[in-house]
Amino acid sequence: MVIAVGLKNDYHKIPGLKRLLDDPVSPVSTIYSPDYCSKCWCNLQHFQGGHAVFTFPKQAGKCSGAAQKIMYLAHDYWTRKKIQHCTSISYATAAQALFGVPKYAASLVKVAQQRDIAVNYSLELVEVTPKHAVFTGCGDQTTTLPYKLLHVTPPMSPPACLSTSDLVSDGYLSVDKHTLQHVRYPDVFGLGDCTSTPNSKTAAAAAVQSSVVSRNVVSKLNGRQLSARYSGYGACPILTSYKGGIIAEFEYDKKICETFPFDQSKESRLCYYLQKNIFPILYWEGIVKGKWSGPAVLRKIFHPFGK
Ligand SMILES: Cc1cc2nc3c(=O)[nH]c(=O)nc-3n(C[C@H](O)[C@H](O)[C@H](O)COP(=O)(O)OP(=O)(O)OC[C@H]3O[C@@H](n4cnc5c(N)ncnc54)[C@H](O)[C@@H]3O)c2cc1C
């Protein structure tokens, strides 16, 4: 059995959030669900200035970079609309850094600074009211930020079909981080966001994992050793404006694993065009159809002698 049931959004963990998400006139939205993406775009368009707050939870879920992409795009959009002079943007993250890999965190800190975005670390969203976002910080202290626009990255967890089964430990499908075989049930394999593997939860990771799982399932069925190993590869393309972006690529233990022959942590137009024009084809024609199992071949072409 191969399990890949993804993650669900746990809106209920933040009192007030679901009601405001469902209220069509509230300025609260999230791009982490197709149910609220259109509302998010509407809110960005109707924003007339004031304090815009973007949040990121302690329990990181799928594509943690998306929480920032939407903020940088909003910043650029409002700059083009010439309302940046009456706009302030805060990014409130429960994490201690802007990104889990220091090389990319350093780059994103610069991006935020250049755009005058106030980054507040160790702030976890715990309640939303119609005008305020309430956070807990270090200790018992709470911080309240007023907002005119709020974008929430909700906490996430695997769906109940998985979390209520004995296949999980700490809430996630418990698999070996290299073979992706279940740690207790050898006939069970897992991939994607729902597993316990300590990689960045992205489609890029799931694509590489699917190739590892398919090879290991064949080995298991034929009584052979499981030889395919997942290195922890994940990629997080982050648009930083309507003309720039970076592409984070890394493996377990924050090991950098860039594909292209340039520094992908530096904002560039090329990264933007790759994300806008090439990656959607890769996602829809390659990953979803099971034809793309990661950029390893490309990396070998660009770096024939290794990095
Ligand atoms: C806003 C946003 C931007 C992102 N940007 C990127 C990006 O640029 N690059 C990137 O690589 N990744 C990105 N991601 C992350 C990427 O979408 C996920 O990591 C990827 O979809 C995970 O794949 P998955 O198959 O594990 O889970 P999912 O894609 O969530 O698929 C799980 C499927 O299982 C189904 N399911 C659940 N329960 C059951 C059940 N009991 N029985 C049968 N089926 C069930 C669900 O309905 C769902 O269809 C982004 C995510 C978001 C939300």
Side-chain angles (χ1 to χ4, degrees), residues 1-11 21 29-41 44 54-57 59-74 99 104 151-165 167-168 172-173 175 180 188-214 230 232-240 245-251 257 259 264 271-290 292-295:
M1 178 163 71
V2 177
I3 300 178
V5 290
L7 296 174
K8 63 173 173 33
N9 292 339
D10 293 331
Y11 306 117
L21 283 172
S29 67
T30 178
I31 55 164
Y32 280 85
S33 161
D35 297 339
Y36 304 113
C37 284
S38 305
K39 186 184 181 198
C40 179
W41 175 226
L44 296 188
F54 295 78
T55 73
F56 187 74
Q59 183 66 50
K62 56 183 79 182
C63 196
S64 42
Q68 287 178 61
K69 296 180 213 187
I70 186 64
M71 176 173 69
Y72 301 133
L73 289 174
F99 200 82
Y104 303 111
H151 179 272
V152 176
T153 302
M156 298 168 214
S157 62
C161 62
L162 189 59
S163 57
T164 53
S165 78
L167 293 164
V168 297
Y172 290 84
L173 181 70
V175 295
L180 305 178
V188 177
F189 289 79
L191 63 94
D193 293 353
C194 68
T195 71
S196 59
T197 53
N199 58 282
S200 165
K201 295 192 182 301
T202 59
V208 175
Q209 291 173 349
S210 66
S211 152
V212 171
V213 166
S214 64
Y230 172 56
Y233 175 82
C236 196
I238 302 182
L239 293 170
T240 51
I246 68 166
I247 303 173
E249 279 184 293
F250 47 93
E251 298 181 331
C257 184
T259 299
Q264 295 175 200
C271 283
Y272 171 80
Y273 285 114
L274 281 167
Q275 292 176 55
K276 179 170 174 279
N277 301 100
I278 307 295
F279 290 0
I281 302 171
L282 202 65
Y283 294 149
W284 294 111
E285 297 302 321
I287 294 183
V288 174
K289 294 184 179 171
W292 173 261
S293 52

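What you are looking at is a predicted structure, and each value in this text was computed from that prediction instead of being measured. Read the numbers this way: they start at 1 and go in the same order the structure lists the ligands and their atoms.
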task = Using the six-membered ring wherever Trp is involved, compare the ring planes of Phe250 and Tyr104 and label them parallel, tilted or perpendicular (cut-offs 30° and 60°).
result = tilted
So, does Gln209 use its side chain to make a donor-acceptor pair with the main chain of Tyr230 at under 3.5 Å? no
So, Tyr273 side chain and Lys276 main chain: donor-acceptor pair closer than 3.5 Å or not? no
In ligand 1, the atoms that come under 4.0 Å of a heavy atom of Asp193 are 18 (C), 19 (O), 20 (C), 22 (C), 26 (O)
So for Gln275 against ligand 1, with non-hydrogen atoms under 4.0 Å, the contacting part is neither
message = Under 4.0 Å from atom 48 (C) of ligand 1, is there at least one protein heavy atom?
response = no
Filtering Val5, Asn9, Leu7 for the heavy atom nearest atom 35 (C) of ligand 1 leaves Val5
Near Ala66 (heavy-atom distance under 4.0 Å), the atoms of ligand 1 are 1 (C), 2 (C), 3 (C)
Has Lys69 got a side-chain atom pairing as donor or acceptor with Pro237's backbone, closer than 3.5 angstrom?
yes
Taking only non-hydrogen atoms of Gly192 and a 4.0 Å limit, the atoms of ligand 1 in range are 26 (O)
### Message
Looking at atom 17 (O) of ligand 1, tell me if a protein heavy atom falls under 4.0 Å from it.
### Response
no
Would you say the side-chain atoms of Lys62 pair up with the backbone N or O of Ala203, donor to acceptor, closer than 3.5 Å? no
In ligand 1, the atoms that come under 4.0 Å of a heavy atom of Ile31 are 1 (C)
| Hey, are the side chains of Pro154 and Asp10 touching, using non-hydrogen atoms and a 4.5 Å cut-off? | no
Just by distance, do the side chain of Ser214 and the backbone of Ser210 share a donor-acceptor pair under 3.5 Å?
-> yes
Check your understanding: Is Pro237 close to ligand 1, meaning an N/O of one under 3.5 Å from an N/O of the other?
Key -> no
Numbered in order shown, the ligand 1 atoms found under 4.0 Å of a heavy atom of Lys62 are 30 (O), 51 (C), 53 (C)
Taking only non-hydrogen atoms of Lys201 and a 4.0 Å limit, the atoms of ligand 1 in range are 19 (O)
Going by the 4.0 angstrom heavy-atom rule, the piece of Tyr283 near ligand 1 is side chain
Does His151 reach the main-chain N or O of Ile31 with its side chain, forming a donor-acceptor pair under 3.5 Å?
-> yes
Looking only at distances, can you tell me whether any N or O atom of Ala206, backbone or side chain, sits closer than 3.5 Å to an N or O atom of ligand 1? no
- Query: Right, does atom 26 (O) of ligand 1 have protein non-hydrogen atoms nearer than 4.0 Å?
  - Reply: yes
Please check this pair: side chain of Gln59 against backbone of Pro155, looking for a donor-acceptor N/O pair closer than 3.5 Å. no
Filtering Cys40, Gly234, Cys161, Cys194 for the heavy atom nearest atom 41 (N) of ligand 1 leaves Cys161
Are Leu44 and Ile70 close enough that some pair of their side-chain heavy atoms sits under 4.5 Å apart? yes
On a heavy-atom basis, the closest approach of Tyr32 and Ala67 is OH-N, 3.0 Å
Numbered in order shown, the ligand 1 atoms found under 4.0 Å of a heavy atom of Ala4 are 32 (C), 33 (C), 34 (O)
The atoms of ligand 1 lying under 4.0 Å from a heavy atom of Lys69, numbered in the order shown, are 5 (N), 6 (C), 7 (C), 8 (O)
